[in-house]
Amino acid sequence: QVQLVESGGELVQAGGSLRLSCAASGRTIRSYRMGWFRQAPGKEREFVARISWSGGSTDYADSVKGRFTISRDNAKNTVYLQMSSLKPEDTAVYYCAADVSPPGYYRDYLSSAGYDYWGQGTQVTVSS
């Protein structure tokens with residue numbers, strides 16, 4: 001079992017920055033692909049970003065590309081999402097997720113179904 005705990009969400013003004021953290025416990029996540037998703041009120045959960053086990057490969061949703069950066073510190077068993085130039089439409093609950101499938105096993109990282117473990121989420125609110 002892997003437990004994921006997100007933190008860092010808060011109320012911020014448009015144009016501001018935040019860094020979200022996802023701390024894992026129960027197992028080391030250094031061999032897992034990790035992702036961030038978000039869900040706004042009344043909307044489906046959507047993909048934000050993902051990072052390979054080594055950190056050498058990342059992908060982003062078009063809506064956040066150039067503004068958000070996903071990273072990981074495997075020594076700390078933690079994944080981060082640095083968010084800048086925040087917009088009101090970034091307001092959502094942000095979730096961290098872990099894909100524990102073995103290396104080389106393909107899963108759709110854009111889909112919630114591509115992940116096995118989820119955190120409880122952290123609220124990000126961007127005011128205009």
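Considering CD1 of Ile70 and CG of Leu20, their distance stands at 10.5 Å, rounded to 0.5 Å. We find the OG-OH distance between Ser21 and Tyr80 to be 5.5 Å, quoted to the nearest 0.5 Å. Considering CD1 of Ile51 and OG of Ser71, their distance stands at 6.0 Å, rounded to 0.5 Å. For the atom pair Glu46 CD and Leu110 CG, the distance stands at 11.0 Å (nearest 0.5 Å). Distance check, rounded to the nearest 0.5 Å: CZ of Arg72 to OG1 of Thr58 gives 12.0 Å.
Contact between Ser17 and Gln82 at its shortest, heavy atoms only, is CB-NE2, 4.1 Å. Shortest non-hydrogen contact noted between Val5 and Gln120 is CA-OE1, 3.7 Å.
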Step-by-step side-chain contact (heavy atoms from CB on, under 4.5 Å) determination, Arg50 to Ser57: CA-CA 8 Å; Arg50 73 100 189 175; Ser57 176; 3.1 Å; yes
Test log, rule side-chain contact (heavy atoms from CB on, under 4.5 Å), inputs Arg107 and Asp116: CA-CA 11 Å; Arg107 294 176 78 176; Asp116 305 287; 2.7 Å; yes
Met34 and Tyr117: CA distance, side-chain angles, deciding distance, side-chain contact (heavy atoms from CB on, under 4.5 Å) verdict: CA-CA 10 Å; Met34 301 294 294; Tyr117 295 99; over 6 Å; no
Solution key, residues 83-90 side-chain donor-acceptor pairs under 3.5 Å, sequence neighbours excluded:
unit_1 : atom_1 : unit_2 : atom_2 : d
Ser84  : OG     : Arg67  : O      : 2.8
Asp90  : OD1    : Arg38  : NH1    : 2.9
Asp90  : OD1    : Arg67  : NH2    : 3.0
Asp90  : OD2    : Arg67  : NH1    : 2.8
Asp90  : OD2    : Arg67  : NH2    : 3.4
Asp90  : OD2    : Lys87  : N      : 2.8

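Transitive grouping of hydrophobic side chains (ILVMFWY, heavy atoms separated by less than 4.5 Å) keeps Phe37 and Phe68 in distinct clusters. Tyr95 and Trp36 fall into different hydrophobic clusters, where Ile, Leu, Val, Met, Phe, Trp and Tyr are joined by side-chain heavy atoms under 4.5 Å apart, directly or via other members.
With hydrogens and angles disregarded, a donor-acceptor distance shorter than 3.5 Å links the side chain of Thr122 to the backbone of Gly9. A donor-acceptor pair under 3.5 Å is absent between the side-chain atoms of Arg33 and the main chain of Tyr109, judged by distance alone. Here the side chain of Thr78 pairs a donor or acceptor atom with the backbone of Lys76 at under 3.5 angstrom.
Taking 4.0 Å as the cut-off between side-chain N and carboxylate O, Arg30 and Asp73 do not count as a salt-bridged pair.
A cation-pi arrangement is present between Arg45 and Trp118, with the terminal nitrogen or guanidinium carbon under 6.0 Å from the aromatic centre and inside a 45° cone about the axis.
Residue pairs meeting the disulfide (SG to SG under 2.5 Å) criterion with at least one member in residues 32-128, sequence neighbours excluded: Cys22-Cys96.
Screening Val2, Val100, Asp99 for a side-chain contact (heavy atoms from CB on, under 4.5 Å) with Ile29, the sole residue that qualifies is Val2.
Taking the six-membered ring for Trp and the full ring otherwise, Tyr60 and Phe47 have centroids separated by 6.0 Å or more.
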